[in-house]
Visitor: 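Below you'll find the structure I mean.
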Amino acid sequence: MNNNDSRELYLDLLKKCLTYWIWGESHYPLGGLHGASRIYRYCGVRYLEKLFGVLGLRIVREQPMNPELRREGRDWPILAHTMIGLKRLDNLQHCVETALLEGVPGDLIETGVWRGGASIFMRGVLKAHGVTDRAVWIADSFQGLPPSDGDKFPADKGKDWNRFDYLRVSLEQVKDNFRRYDLWDEQVRPLVGWFKDTLPTAPIERLAVARLDGDMYESTMDALRALYSKISPGGFLIVDDFAIHGCRRAVEDFRKEQEIEDEINAVDWSGIYWRKS
């Protein structure tokens with residue numbers, strides 16, 4: 001087995017571990033965003049979750065893993081370190097490795113990291129290629145999503161994802177997840193706080209790949225305005241939540257505002273990317 005084969009085998013296994021693919025989990029949080037909103041809203045599940053949480057218990061529903069849903073990032077796994085699915089991880093690998101192969105200068109960043117899975121994978125790609133002169137920036141509040149401001153950002157009206165405890169993951173938890181893969185080191189640099197406060201002043205000179213996963217109009221626009229000018233020509237802008245109205249509207253407004261005509265490429269039902277000309 002040559003070095004390329006070993007590298008590809010490692011990165012493929014890393015993707016399957018991060019998505020919990022190789023174990024095929026069979027339980028999902030009952031109060032998740034997908035498929036349980038009526039139960040969650042009308043049967044008091046949210047309050048039962050808080051009550052059971054004090055006892056160290058969690059309400060889940062049993063359901064075998066659907067490989068196609070996991071590949072597309074359409075389910076909400078309870079144990080995986082990422083929910084973006086294999087297709088978006090494949091695309092992330094393509095973007096990072098293309099930037100490395102072609103010498104596109106700059107670091108890597110993810111805005112909105114949840115449990116850290118996609119950022120862990122970016123660090124794994126650098127490690128697999130022996131790259132020591134690029135950083136992986138992880139930007140997150142590490143306390144969930146912000147409350148929506150429907151008056152200032154109408155596209156976010158009614159998006160109360162800040163109420164989901166499941167989306168609150170502390171920096172220490174993310175660090176622990178990196179350590180499980182032996183990938184937490186000085187090349188991983190956290191930016192803690194709301195994007196509007198951290199990204200404009202972040203000490204980032206250039207970016208080769210920027211992956212945005214902020215869900216909302218406000219979060220997406222904050223990231224675009226702070227980071228897009230730092231993406232090197234030939235670098236990649238990846239947007240995870242283009243299927244969500246607020247995020248899509250932010251991308252469309254920003255591209256119009258900046259007169260960006262680079263072609264948008266679909267990754268799957270939700271993810272998109274383009275290469276900066």
Visitor: Identify whether NZ of Lys or CZ of Arg in R70 sits under 6.0 Å from the centre of the six-membered ring of W21 and within 45° of that ring's axis.
Guide: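 Cation-pi check for R70 and W21: fails.
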Visitor: Quick one: does Q187's side chain have a donor or acceptor within less than 3.5 Å of a partner on V136's backbone?
Guide: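 Answer holds: no.
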Visitor: Where do L191 and A202 come nearest, in terms of heavy atoms and distance?
Guide: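 Shortest heavy-atom separation between L191 and A202 comes out as CD1-CB, 3.8 Å.
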Visitor: Are there more than 12 heavy atoms of other residues, nucleotides or ligands under 6.0 Å from atom CD of E261?
Guide: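 Not more than 12 within 6.0 Å, no.
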Visitor: Using the rule given for side-chain contact (heavy atoms from CB on, under 4.5 Å), can you reason through T98 versus E102, listing the C-alpha separation, both sets of side-chain angles and the distance that settles it, and then say yes or no?
Guide: CA-CA 6 Å; T98 299; E102 298 183 6; 3.6 Å; yes
Visitor: Test L89 against T82 for side-chain contact (heavy atoms from CB on, under 4.5 Å), laying out the working first.
Guide: CA-CA 9 Å; L89 285 176; T82 181; 4.2 Å; yes
Visitor: Take R123 and D185 through the salt bridge (charged side-chain N to carboxylate O under 4.0 Å, His left out) test and state the conclusion after the steps.
Guide: CA-CA 9 Å; R123 181 66 189 94; D185 58 18; 2.6 Å; yes
Visitor: Output yes when E97 and R7 qualify as a salt bridge under the 4.0 Å nitrogen-oxygen rule, no when they do not.
Guide: no
Visitor: So, applying side chain to side chain contact (heavy atoms under 4.5 Å, CB included) with D222, which one of F195, Y217, W194 is it?
Guide: F195
Visitor: Distance under 6.0 Å and angle within 45° of the ring axis: does K276 meet both against F236?
Guide: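 Pair K276/F236 does not count as cation-pi.
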Visitor: May I ask you to decide whether R206 forms a salt bridge with D107, counting only side-chain N to carboxylate O separations under 4.0 Å?
Guide: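 No, no charged N to carboxylate O under 4.0 Å.
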Visitor: Quick one: do I120 and V188 end up in the same hydrophobic cluster if we chain Ile, Leu, Val, Met, Phe, Trp and Tyr together by side-chain heavy atoms under 4.5 Å apart?
Guide: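 Yes, because I120 and V188 connect within a single hydrophobic cluster, where side-chain heavy atoms sit under 4.5 Å apart.
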Visitor: To check you understand the geometry: which heavy-atom pair defines the closest contact between V104 and P233, and what is its length?
Guide: CG1-O, 3.9 Å
Visitor: Have a look at E252 and tell me which of R249, K256, R255, R248 forms a salt bridge (charged side-chain N to carboxylate O under 4.0 Å, His left out) with it.
Guide: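 With E252 as partner, R249, K256, R255, R248 yield a single salt bridge (charged side-chain N to carboxylate O under 4.0 Å, His left out), made by R248.
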Visitor: Does any N or O in the side chain of R115 come within less than 3.5 Å of the main-chain N or O of V169, such that one atom is a donor and the other an acceptor?
Guide: no
Visitor: Is there a path of hydrophobic side-chain contacts, each under 4.5 Å between heavy atoms, that joins L224 and F153?
Guide: yes
Visitor: Looking at K87, R74, R88, which hits salt bridge (charged side-chain N to carboxylate O under 4.0 Å, His left out) with D268?
Guide: R88
Visitor: Are E257 and R225 within salt-bridge range, i.e. N to O under 4.0 Å?
Guide: yes
Visitor: Among L237, I109, L108, exactly one meets side chain to side chain contact (heavy atoms under 4.5 Å, CB included) together with L207. Which residue is that?
Guide: I109
Visitor: Which atom names give the shortest non-hydrogen contact between A250 and M221, and what distance separates them?
Guide: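 Taking every non-hydrogen atom into account, O-CE, 3.4 Å.
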Visitor: Do V131 and I138 belong together in a cluster built from hydrophobic side chains that touch within less than 4.5 Å?
Guide: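 In one cluster with V131: I138, yes.
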Visitor: Locate the shortest heavy-atom distance separating N265 from W274; write the atom from each residue and the value.
Guide: ND2-CA, 4.2 Å
Visitor: Of the non-hydrogen atoms in A223 and L199, which two are nearest, and what is the gap between them?
Guide: CA-CD1, 3.6 Å
Visitor: Ignoring hydrogens and geometry, is there a side-chain-to-backbone donor-acceptor pair from N66 to L69 under 3.5 Å?
Guide: yes
Visitor: Just by distance, do the side chain of D262 and the backbone of S277 share a donor-acceptor pair under 3.5 Å?
Guide: yes
Visitor: So, taking the atom named CH2 in W114 and the one named CZ in F142, what distance separates them when rounded to the nearest 0.5 Å?
Guide: 14.0 Å
Visitor: Flag yes if L126 and W137 sit in one hydrophobic cluster, no otherwise; membership is Ile, Leu, Val, Met, Phe, Trp, Tyr, and two members link when side-chain heavy atoms are under 4.5 Å apart.
Guide: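 In one cluster with L126: W137, no.
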Visitor: With no hydrogens and no angle check, is any side-chain donor or acceptor of R275 less than 3.5 Å from a backbone partner on G234?
Guide: yes
Visitor: Any chance CG of N3 has more than 12 other-residue heavy atoms, nucleotides or ligands included, within less than 6.0 Å?
Guide: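 Open.
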Visitor: I need the L79 CG to T19 OG1 distance, nearest 0.5 Å.
Guide: 12.0 Å
Visitor: Distance check, rounded to the nearest 0.5 Å: I22 atom CD1 versus L13 atom CG?
Guide: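 Going from CD1 on I22 over to CG on L13, the span is 5.5 Å.
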Visitor: Check the pair F121 / L14 against side-chain contact (heavy atoms from CB on, under 4.5 Å), numbers first and verdict last.
Guide: CA-CA 7 Å; F121 184 68; L14 184 56; 3.7 Å; yes
Visitor: Pair K15, D90 - check side-chain contact (heavy atoms from CB on, under 4.5 Å), show working.
Guide: CA-CA 8 Å; K15 283 182 279 192; D90 287 342; 2.6 Å; yes
Visitor: Can you tell whether the side chains of D12 and K16 come within less than 4.0 Å, N to carboxylate O?
Guide: yes
Visitor: I want to check something: taking the side chain as every heavy atom from C-beta on, are V192 and S141 in contact at a cut-off of under 4.5 Å?
Guide: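 They are not in side-chain contact.
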Visitor: Which heavy atom of C247 sits nearest a heavy atom of D215, and at what distance?
Guide: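 So the two residues come closest at CB-O, 3.4 Å.
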Visitor: Any side-chain to backbone donor/acceptor pair from D156 onto E218? Under 3.5 Å, distance only.
Guide: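 At least one qualifying donor-acceptor pair exists.
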Visitor: Go through it in stages, so that I can follow the logic: the residues are H81 and Y20, the test is ring pair (Phe, Tyr, Trp, His ring centres under 6.0 Å), and I'd like the CA-CA distance, side-chain angles, deciding distance and then a yes or no.
Guide: CA-CA 8 Å; H81 291 148; Y20 216 73; 8.2 Å; no
Visitor: Checking the side chain of S232 only, and the main-chain atoms of G235 only, is there a donor and an acceptor separated by less than 3.5 Å?
Guide: no
